Amino acid sequence: MRKSFKLQDLDCANCAAKMESGINGIDGVKSASISFMTQKLVLEADDDRFDAVLDEAQRICAKCEPDCVIVR
């Protein structure tokens, strides 16, 4: 499954790169890309684990930028 999400309160391009790297390391993620300019996350992951992957991605984002939220 491939979906696009808006990132709310993403303030730093370097943090976006760290988030992207962390999300790509999650088990079940086929690809993840974050665009700082458009404030978007494009996530492709296994269908059966998609919700769990998204929850883990939110934790990774909050670790880098505590105010950043993935808008579902």
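Keep in mind it's a predicted model, so treat the numbers as computed, not measured.
Dense packing is recorded around NZ of K30, with more than 12 heavy atoms of other residues, nucleotides or ligands lying under 6.0 Å away. Heavy-atom neighbours of K63 NZ from other residues, nucleotides or ligands within 6.0 Å: at or below the threshold of 12.
Using a 4.5 Å cut-off on side-chain heavy atoms (C-beta onward), I23 and C61 make contact. When side chains are defined from C-beta on, V29 counts as touching L43, because their heavy atoms get closer than 4.5 Å.
Salt bridge annotation for R72-D55: present, with a cationic side-chain nitrogen under 4.0 angstrom from a carboxylate oxygen.
For the pairing with F5, the side-chain contact (heavy atoms from CB on, under 4.5 Å) check across V71, I34, L54 returns one residue only, L54. The one candidate from D11, L7, L41 that meets the side-chain contact (heavy atoms from CB on, under 4.5 Å) condition with C68 is L7.
Side-chain heavy atoms closer than 4.5 Å link hydrophobic residues (I, L, V, M, F, W, Y) into clusters, and following such links, even through other members, never connects M1 to V42. Taking hydrophobic clusters as Ile, Leu, Val, Met, Phe, Trp and Tyr residues chained together by side-chain heavy-atom distances below 4.5 Å, L10 does not share a cluster with V69.
Heavy atoms only, all atoms of each residue included: K6 and T38 are closest at NZ-O, 4.2 Å. Considering every non-hydrogen atom in both A16 and F36, the closest pair reads CB-CB, 4.4 Å.
Judged as a salt bridge (charged side-chain N to carboxylate O under 4.0 Å, His left out), the pairs with a partner in residues 36-45 (not counting sequence neighbours) are, in order, R2-E44.
No donor-acceptor distance shorter than 3.5 angstrom exists from the side chain of E65 to the backbone of C15, with no hydrogens or angles considered. D67 contributes no side-chain N or O that, together with a main-chain N or O of D9, makes up a donor-acceptor pair within less than 3.5 Å. Although no hydrogens or angles enter the test, the distance criterion places a donor-acceptor pair under 3.5 Å between the side chain of R49 and the main chain of D27. A distance-only check finds a donor-acceptor pair linking the side chain of Q58 to the backbone of I70 [under 3.5 Å].
Residues meeting the side-chain hydrogen bond (donor to acceptor under 3.5 Å, both in side chains) test with S33, sequence neighbours left out: none.
The distance from atom SG of C64 to atom CZ of R59, rounded to the nearest 0.5 Å, is 14.0 Å.
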